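In what follows, a single structure is set out as structure tokens and then discussed.
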Amino acid sequence: MKKTFVIIFLFFVVTGYSQHTVFINKTMDSSSTYFGVTYKDPFRWLESMKDTEVVDWFKKQAEASSRILDNLSGRDELISEWKKLDQLQPPRINSREWMNGRLFYRKTMPGDNVAKLYYRQGMDGQEVLLFDPSTFIPGKTLSIQASLPSFDGKKIIVSYAESGAEVSTIRVMDVDSRQFLPESIYPSWFGPTGWTFDNKAFTYSTQKTGDNTSPEFELDTKTKLHVLGDDLNKDIDFFSDESYPNMGIKSNDLPLAGTNKDSRAYVFANLDNVRPEFYTYYAPISQMNSGKIEWKVLCKPEDKLVRGREIIGEDVYAITYNNAKNYKLLHTTLRDPNWSKADVIAPEKQGQTLESITHCKDYLFMTYSDGINNRVFKYNLLTKKTTEVKLPYPGNVIVFVIDNLTNDCMIGMFTWNKPGTEYSLNAVTDAITPSNFNKAPVYPDAYKDLVVEEVEVKGHDGVMVPLSIIYRKGLAKNGTNVCLMESYGAYGESMTPYFSIQMNSLAVKGVVIAIPHVRGGSEKGEDWYKAGYKKTKPNTWKDFNSCAEYLIAKGYTSPNRLAGTGTSAGGILISRAITERPDLYAAAICNVGCANAMRMEFAPNGPVNIPEFGTVFDSTECKALYEMDGVQHVVKGVEYPAVICVGGWNDPRVIAWEPGKFAAALQNASSSGRPVLMKVNYDNGHFTEDKSVTYANFADQYAFVLWQCGHPDFQLKK
């Protein structure tokens, strides 16, 4: 296996004509050879994110994009509409934690850009503001990445980040005085992992650097233990490859450890990455301060435990796909965690996949899905009997418990065309009543006239692919409608129903919204996930294209009215959908997208993603990565659709050069005359909680593709 780098400087020219800027980008004769095959990579020079020439390239691209996007009608109107809809939204409360009689939560008021941290003494006590990230550092808008109260409720850890960077600073607040203690820890992506039960110390995740362009960004991370008041330099290396060299912790594993309030006799540790299977150790809590914990295996990836796990005292409940493609629920104990002999609490159901589990005082809840709508069952921990909970209406369901020493639970209900609503559930009686939190907003009547169709489309290989279609009542299916398709297809993440203000605001303007449930998600179970994984990954974008063909054939839209979008790992989907079938689309969005799969593992966040996508150093996986790579499949002279690529300058997940290289390749190759833009969000990362930034970002994206699809409300201003 051989790598070669022959560098020839060509040219970089920017010229303006008619409606948009044309970029002819510098290329370099760089390449890599794997297993006898040479892969050319003429835009690899863009990977040097600290190089002034690369910085200047992104700046010029951003400026050119802004000149066009700022001149589009309809964009500012979208932002204005989203702000008006936000004002109709009741306060949104999330991240609730109940500790020692105190309720801690984050709340976003209508018009607020980010959530603030509050607490109450008791469920109905007076609300007290603890932390406002919008005013904490004058001139900067921060966002809360994590908050974790101590077990006595007297202190709370707050980690916050700026501009969507996600890598945060950890601070500890005294709740009663609302003052931060002297400790300030940076950098930490995954924040606090647990308090000690004496409330005097906590564990936290830390890394070598907060620089999202550094190769060491996510390698050899550690969990450390900090004692309040101690010098940070004295923090103990609690769990890492360095502190436990005989455990075989890999450089791209994320060693995370801490306590569990539901099982206080033990301390737990996980080896995390994008691998869906749990990899967990445990030890007696008496060893926590020993300096050398004798870790025992709770589960390894070979046990095939995924999706959900609940530990209650000595009892462990976990979902598995072992001999159950739709998943089943097992039970074992910490005294003898033998998963091959574990009790089956809930066997696999035909046509229903087990999505998640959670528990309250006397019940364990199981949520099942048919790919779109959920059903909820409860397992009585005392009688061992299972019954179904009748839901208010069909939809996507989240069951959660604020205080699991009670049987008072909460249910969140979500559908494509009905705003999310929260209910209270009495687990004993199954009574469901409106919650005091997160009530449904009342939107204008136009939003009540959205129709949802659930269909199945024959894929390229005859497999039936679910497709959700949302549109305005009375829509004529005559091929003249603009349509926006969105999907993901990775990590086994399903496209579950939710009410999107942004998407639905397009639907009320006559745009058809289509959500293909492509392989690589898990709408149809574990087999559906693995059918869009590594060497089977082409099914992901082929399913997307099959759904595009269906929408065209049935008159929902036509190729000159159809746009597609993919975000993050969905960048594989969209970059390959349009390079394989450019004739199907008028426009596409590659939003912070993985568009250069063969180079992903060399990005800062790449090594931890090898379990999902593969490595070029394996012959089979190298071929699969080539198939996934949008950049590698751009061919000069092809008439590609209009494309807007988006990169977050502070993105710790998908570095900006991935969508950047895709944009550069398309700009040099496309013969369609349609614009290819590289939008750079300098105030953003992979995403951001800041609504003002989010609105501007997506308004740009939607205005661009709707313009290119001929929507009358989105045209160049005269």
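These figures come from a predicted structure and were not determined experimentally.
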Give me the atom names and distance for the closest heavy-atom approach of [X] to [Y].
| X | Y | answer |
| --- | --- | --- |
| Glu689 | Ser143 | OE1-CB, 3.4 Å |
| Val634 | Ala669 | CG1-CB, 3.5 Å |
| Lys40 | Ser31 | CA-CB, 3.9 Å |
| Lys661 | Val631 | C-CG2, 4.0 Å |
| Gln207 | Trp189 | OE1-N, 2.8 Å |
| Asn113 | Ser692 | OD1-N, 3.3 Å |

[atom1] ([X]) with more than 12 external heavy atoms under 6.0 Å:
| X | atom1 | value |
| --- | --- | --- |
| Glu216 | CD | no |
| Lys250 | NZ | no |
| Lys208 | NZ | yes |

Salt bridge flag under 4.0 Å for residues [X] and [Y]:
| X | Y | answer |
| --- | --- | --- |
| Lys535 | Glu627 | no |
| Glu47 | Arg599 | yes |
| Arg653 | Glu166 | yes |
| Lys537 | Glu612 | no |
| Asp629 | Arg576 | no |
| Asp700 | Lys679 | yes |

Please examine the side chains of [Y] and [X], heavy atoms only from C-beta on, and report whether any two atoms are closer than 4.5 Å.
| X | Y | result |
| --- | --- | --- |
| Val482 | Val512 | no |
| Phe43 | Asn25 | yes |
| Ile513 | Leu506 | yes |
| Leu625 | Glu601 | yes |

Ring pair (Phe, Tyr, Trp, His ring centres under 6.0 Å) partners for [X], two or more places apart:
| X | value |
| --- | --- |
| Trp657 | none |
| Tyr529 | Tyr533 |
| Tyr682 | Trp649 |
| Tyr488 | none |

Please list, chain by chain and in numerical order, all residues satisfying side-chain contact (heavy atoms from CB on, under 4.5 Å) with Thr213, sequence neighbours excluded.
Met49, Lys50, Asp211, Ile655
Pro516: what forms a side-chain contact (heavy atoms from CB on, under 4.5 Å) with it, not counting sequence neighbours?
Leu467, Met485, Ser487, Val518, Phe544, Cys547
Polar side chain donor-acceptor pair, Ser494 to Ser522, under 3.5 angstrom:
yes
Under 3.5 Å, is there a donor on one side chain and an acceptor on the other for Ser205 and Ser188?
no
List the residues meeting side-chain hydrogen bond (donor to acceptor under 3.5 Å, both in side chains) with [X], not counting sequence neighbours, and say none if there are none.
| X | value |
| --- | --- |
| Thr193 | Thr203 |
| Asp241 | none |
| Thr141 | none |
| Asn545 | Tyr585 |

Of Ile574, Ile589, Thr565, Asn591, the residue whose pairing with Glu486 passes side chain to side chain contact (heavy atoms under 4.5 Å, CB included):
Thr565
Glu218 pairs by side chain to side chain contact (heavy atoms under 4.5 Å, CB included) with which of Val167, Leu254, Thr209, Asn273?
Leu254
Run the salt bridge (Lys or Arg N to Asp or Glu O under 4.0 Å) test against Asp86 and tell me which residues pass, sequence neighbours left out.
Lys691
Set of salt bridge (Lys or Arg N to Asp or Glu O under 4.0 Å) partners for Lys140, sequence neighbours left out:
Glu162
Could you state the interatomic distance from CG (Leu677) to CG (Leu69), rounded to the nearest 0.5 Å?
5.5 Å
Kindly say whether the aromatic ring centers of Phe131 and Tyr160 come within a distance under 6.0 Å.
yes
Between Lys542 and Glu580, does the salt bridge (Lys or Arg N to Asp or Glu O under 4.0 Å) criterion hold? Intermediate values first, please.
CA-CA 9 Å; Lys542 289 179 185 293; Glu580 188 165 287; 2.9 Å; yes
Start with the C-alpha distance between Arg581 and Trp541, add both sets of side-chain angles, then the distance that settles side chain to side chain contact (heavy atoms under 4.5 Å, CB included), and finish with yes or no.
CA-CA 10 Å; Arg581 290 295 307 276; Trp541 62 83; over 6 Å; no
Does Ser30 reach the main-chain N or O of Asp41 with its side chain, forming a donor-acceptor pair under 3.5 Å?
yes
With a 3.5 Å distance limit and no angle check, can you tell me whether Ser240 reaches the backbone of Asp220 through a side-chain donor-acceptor pair?
no
Among Tyr640, Tyr39, Tyr626, ring pair (Phe, Tyr, Trp, His ring centres under 6.0 Å) partner for His633:
Tyr626
Check the angle between the aromatic planes of Phe613 and Tyr491 and answer parallel, tilted or perpendicular using the 30° and 60° thresholds.
perpendicular
Is the Phe617 ring parallel, tilted or perpendicular to the Phe602 ring (thresholds 30°, 60°)?
perpendicular
